[in-house]
Amino acid sequence: MPGFKLYNSLSRTVEPFAPADGETVKLYSCGPTIYNPAHLGNFRTFLFTDLLRRVLQLRGWKVDQVMNLTDVDDKIIKRATEQGKTIREVTDPVASIFHEDRKYLRIADAEHYPRATAYIPQMIALVERLVRNGVAYQAEDGSVYFAIRKFAGYGKLSRLDTREIQSGARVAQDDYSKENAQDFALWKAAKPEDEACGAAWDSPWGRGRPGWHLECSAMAMAILGETLDLHTGGIDLIFPHHEDEIAQSEAATGKPFARCWCHGEFLLTDGAKMAKRVGNVQNVADLRAEGVSGAAVRHFVYSTHYRKQLNLSGDALEGSMEAVRRVADFAERLAAAKGGTRALDDAADRFENDFRAALFDDLNAPEAMAALFTFIRVANKELDAGGTDASAVHRAREVFALADGILDIVPEPVEADGALAAWVEGQLAARAEARARRDFAAADAIRDALDAKGIVIEDGAGGTRWKATR
RNA sequence: GGCGCCGUGGCCAAGUGGUAAGGCGGCAGACUGCAAAUCUGCUAUUCGUCGGUUCGAUUCCGACCGGCGCCUCCA
């Protein structure tokens with residue numbers, strides 16, 4: 001079994017990775033805050049996590065994955081307050097949309113999707129533990145903070161010097177009465193609006209709600225244990241989110257929180273980070289309306305290595321749509337093939353090797369896809385050549401299925417409804433007749449009429465095949 | 001100011017100290033009545049610029065130019 005390597009943000013190097021117990025990867029993936037549908041930038045990270053998950057399985061490990069849904073935070077409370085709703089009324093519909101979008105992009109189900117509000121007792125217990133360990137304190141405003149000075153490892157992930165953080169341009173002089181400007185809230189004292197929308201719970205420190213960082217630590221440890229194998233998220237989460245998770249988790253347990261941290265780079269639009277504040281977001285629903293399949297989005301995202309910024313452009317997306325069409329045509333052709341050649345068999349072996357090697361080397365999806373397209377070209381050629389070797393075709397199908405199980409970039413065929421199909425068949429019969437009497441003007445007119453309805457036809461040795469494209 | 005990433009053909013994008021994968025697009029050819037699909041060939045003497053190290057650099061080092069990100073909202 002070839003080795004598997006991943007870039008670890010902690011060491012900032014690509015290093016060999018294996019689950020601690022040698023069997024099951026305990027994977028925690030920072031998920032969405034469900035106050036608004038996640039945009040494509042968010043989904044790039046989730047797609048990276050999906051690839052990671054599938055490749056870990058390809059490597060032969062089981063995966064126990066947690067993806068949290070943050071359903072209590074400032075933005076959610078703000079929205080609930082504005083709309084006169086409870087936070088639950090705000091988050092439930094958005095959670096549904098998230099899963100719908102996720103499925104459209106074929107992101108595999110994680111084993112757990114915990115919601116923060118379902119883990120309040122665990123969060124309180126964690127804060128109590130931190131208070132007991134002397135690294136957390138309740139301030140005059142009633143909130144409980146983590147004293148970063150008490151945790152020696154603070155900054156080891158982000159490598160931000162604490163003094164630099166202090167003098168940083170964006171250290172807010174907020175209204176909380178912290179001992180140190182960098183201390184972060186573990187438990188926030190409830191305000192009237194928190195109470196009004198159901199975002200306040202009883203605690204040893206009075207009514208309040210969890211700080212953002214706390215939920216990930218509490219849920220990760222509750223479900224997966226005190227040390228994770230892998231923790232993933234977007235690169236912007238390195239600081240402060242993940243730094244704070246490390247601090248509060250390790251200060252509580254004395255154990256490493258995650259053995260390996262992986263971060264996905266941003267999706268850019270027009271050369272800037274895709275973000276709501278920038279106003280350049282695109283949602284899954286937008287792409288869907290434009291007829292971009294989930295398969296095409298996957299191809300697009302995986303065409304760039306996950307640690308490199310990716311610029312969303314119409315041209316690139318169209319290229320992906322076309323590329324994925326080619327894969328689908330190949331899949332269909334392979335499924336229908338009767339026999340192959342020795343060369344096809346060899347190509348399949350080479351492909352599997354190259355494919356695994358690329359993916360096991362820090363998830364090099366672009367290279368894995370290059371191997372796929374090379375295989376498709378060679379296989380098409382061999383299928384053109386004919387051949388009678390059934391085992392070669394079997395082997396080709398097997399390897400193609402393996403690759404498709406990871407990339408998942410074969411688009412769903414467009415289903416034509418019965419009425420349309422009947423009409424198409426009628427037109428094709430008429431066209432066949434016209435061609436038979438060499439009335440090509442009439443035949444071409446029919447082809448144009450079909451084309452106008454999005455029906456593409458291919459004349460082949462065995463007759464004319466057609467498919468709907470919309 | 002601190003920390004970090006990136007700059008490869010028209011577009012997207014891998015990659016290596018030994019002479020540039022793959023996709024999209026384009027051009028030409030085969031196939032086709034014509035197309036479509038598929039296949040074949042061509043499409044970067046060159047990897048932001050300038051230096052350095054080296055027998056040899058796109059790959060290592062330095063400077064510069066350009067782009068992006070993080071520094072408690074942030075995938």
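Naming: A, B, ... by sequence-line order, numbering from 1 per chain. It should be emphasised that the depicted structure is a prediction, and the values quoted were computed from it without experimental measurement.
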*Asks:* Can you measure A:N364 atom CG to B:rG23 atom P for me and round it to whole angstrom units?
*Replies:*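 About 16 Å, once rounded to whole Å.
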
*Asks:* Which one is paired to B:rC5, where only Watson-Crick or G-U wobble pairs with both distances under 3.5 angstrom count?
*Replies:*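 Pair assignment: B:rC5 / B:rG67.
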
*Asks:* Give the rounded distance in Å between these two atoms: CG of A:L237 and P of B:rC71.
*Replies:*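 Checked: the CG to P distance equals 11 Å.
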
*Asks:* The side chain of A:E367 is closest to which nucleotide in this list: B:rC70, B:rG15, B:rU72?
*Replies:*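 The nucleotide sitting nearest to the side chain is B:rG15.
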
*Asks:* Look only at the side chain of A:N364 and the backbone of A:H305, and say whether a donor-acceptor pair between them is shorter than 3.5 Å.
*Replies:*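 Absent.
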
*Asks:* Starting at atom CG of A:L310, determine the distance to atom C1' of B:rA13, rounded to an integer number of angstrom.
*Replies:*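 After rounding, the reported distance stands at 9 Å.
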
*Asks:* Between the base of B:rG4 and the side chain of A:R159, is there a donor and acceptor pair under 3.5 angstrom?
*Replies:*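 Absent.
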
*Asks:* With sugar-phosphate meaning primed atoms plus P, OP1 and OP2, does A:R465 contact a base, only sugar-phosphate, or nothing at under 4.0 Å between heavy atoms?
*Replies:*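 Touches nothing.
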
*Asks:* Would you confirm whether A:Q65, through its side chain, and A:L27, through its main-chain N or O, come within 3.5 Å as a donor-acceptor pair?
*Replies:*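 No.
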
*Asks:* Among B:rG33, B:rG22, B:rG23, which nucleotide has an atom closest to any side-chain atom of A:T374?
*Replies:*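 Nearest to the side-chain atoms of A:T374, counting from C-beta on, is B:rG22.
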
*Asks:* Determine whether any donor atom in the side chain of A:D444 lies under 3.5 Å from an acceptor atom in the base of B:rG33, or the reverse, and answer yes or no.
*Replies:*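 Counting by modelled atom types and ignoring angles, a donor-acceptor contact under 3.5 Å is found here.
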
*Asks:* Okay, side chain of A:R106, backbone of A:A295: is any donor-acceptor separation there less than 3.5 Å?
*Replies:*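 Absent.
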
*Asks:* Does A:D315 or A:G233 map to a spot on RNA chain B nearer the 5' end, using the closest nucleotide for each?
*Replies:*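 Looking at the nearest nucleotide for each, A:D315 comes out on the 5' side.
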
*Asks:* Counting heavy atoms from C-beta on, name the nucleotide in B:rG25, B:rC6, B:rU72 closest to the side chain of A:E322.
*Replies:*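 Nearest to the side chain of A:E322 among the choices is B:rG25.
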
*Asks:* For the side chain of A:D459 and the base of B:rC34, is some donor closer than 3.5 Å to an acceptor across the two?
*Replies:*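 Donor-acceptor pair under 3.5 Å: yes.
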
*Asks:* Any strand counts, and the cut-off is 3.5 Å on both contacts for Watson-Crick or G-U wobble. Which nucleotide pairs with B:rA57?
*Replies:*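 Because no pair has both required distances under 3.5 Å, B:rA57 counts as unpaired.
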
*Asks:* A:A323 has a side chain; which of B:rC73, B:rG4, B:rC24 sits nearest to it?
*Replies:*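 For the A:A323 side chain, the nearest candidate turns out to be B:rC24.
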
*Asks:* Without decimals, in angstroms, what is the distance between A:K273 NZ and B:rC73 P?
*Replies:*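 One finds 11 Å between P of B:rC73 and NZ of A:K273, rounded.
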
*Asks:* Counting only Watson-Crick pairs (N1-N3 plus N6-O4 or O6-N4) and G-U wobbles (N1-O2, O6-N3), all under 3.5 Å, who is the partner of B:rG25?
*Replies:*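 B:rG25 is paired with B:rU43.
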
*Asks:* How many whole angstroms separate atom NZ of A:K308 from atom C1' of B:rG22?
*Replies:*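 The distance from NZ of A:K308 to C1' of B:rG22 comes to 14 Å, rounded to the nearest Å.
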
*Asks:* Report which part of the nucleic acid A:R79 touches: base, sugar-phosphate, or nothing (heavy-atom distance under 4.0 Å, all strands).
*Replies:*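 Result for A:R79 = nothing.
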
*Asks:* So, do A:F373 and B:rG22 meet the stacking rule of ring centres under 5.5 Å and planes under 30°?
*Replies:*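 Stack criterion not met.
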
*Asks:* Let's test your reading of the model: under 3.5 Å, does the base of B:rC39 pair with the side chain of A:R377 as donor and acceptor?
*Replies:*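 It does not, because no donor-acceptor pair links the side chain of A:R377 to the base of B:rC39 below 3.5 Å.
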
*Asks:* Measure CZ/A:R307 against P/B:rG4 and give the value in whole Å, please.
*Replies:*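 Rounding to the nearest Å, CZ of A:R307 and P of B:rG4 are 15 Å apart.
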
*Asks:* Spell out, as yes or no, whether a donor-acceptor pair under 3.5 Å connects the side chain of A:T469 to the backbone of A:G454.
*Replies:*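 Answer holds: yes.
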
*Asks:* When you match A:P240 and A:N380 each to their closest nucleotide on RNA chain B, which lands nearer the 5' end?
*Replies:*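 Looking at RNA chain B, the more 5' nearest nucleotide goes with A:N380.
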
*Asks:* Counting N and O atoms only, with roles assigned by atom type, does the side chain of A:N283 sit under 3.5 Å from a partner on the main chain of A:A285, one being a donor and the other an acceptor?
*Replies:*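 Absent.
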
*Asks:* A:R326 has an atom CZ; how far is it from atom P of B:rU38, in whole Å?
*Replies:*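 About 6 Å, once rounded to whole Å.
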
*Asks:* Would you kindly give the CG-to-P distance between A:L268 and B:rG7, to the nearest whole Å?
*Replies:*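 These atoms are roughly 13 Å apart.
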
*Asks:* Name the pairing partner of B:rU38, where a pair is Watson-Crick or G-U wobble with both distances under 3.5 Å, or state none.
*Replies:*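 Across all strands, the one nucleotide that pairs with B:rU38 is B:rA30.
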
*Asks:* Measure from the side chain of A:F266, starting at C-beta and using heavy atoms only, and say which of B:rA36, B:rC34, B:rG69 lies closest.
*Replies:*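 Output: B:rG69.
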
*Asks:* Quick one: does A:R44 reach the base of B:rA75 with a side-chain donor-acceptor pair under 3.5 Å?
*Replies:*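 Checked by distance alone, the answer is no.
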
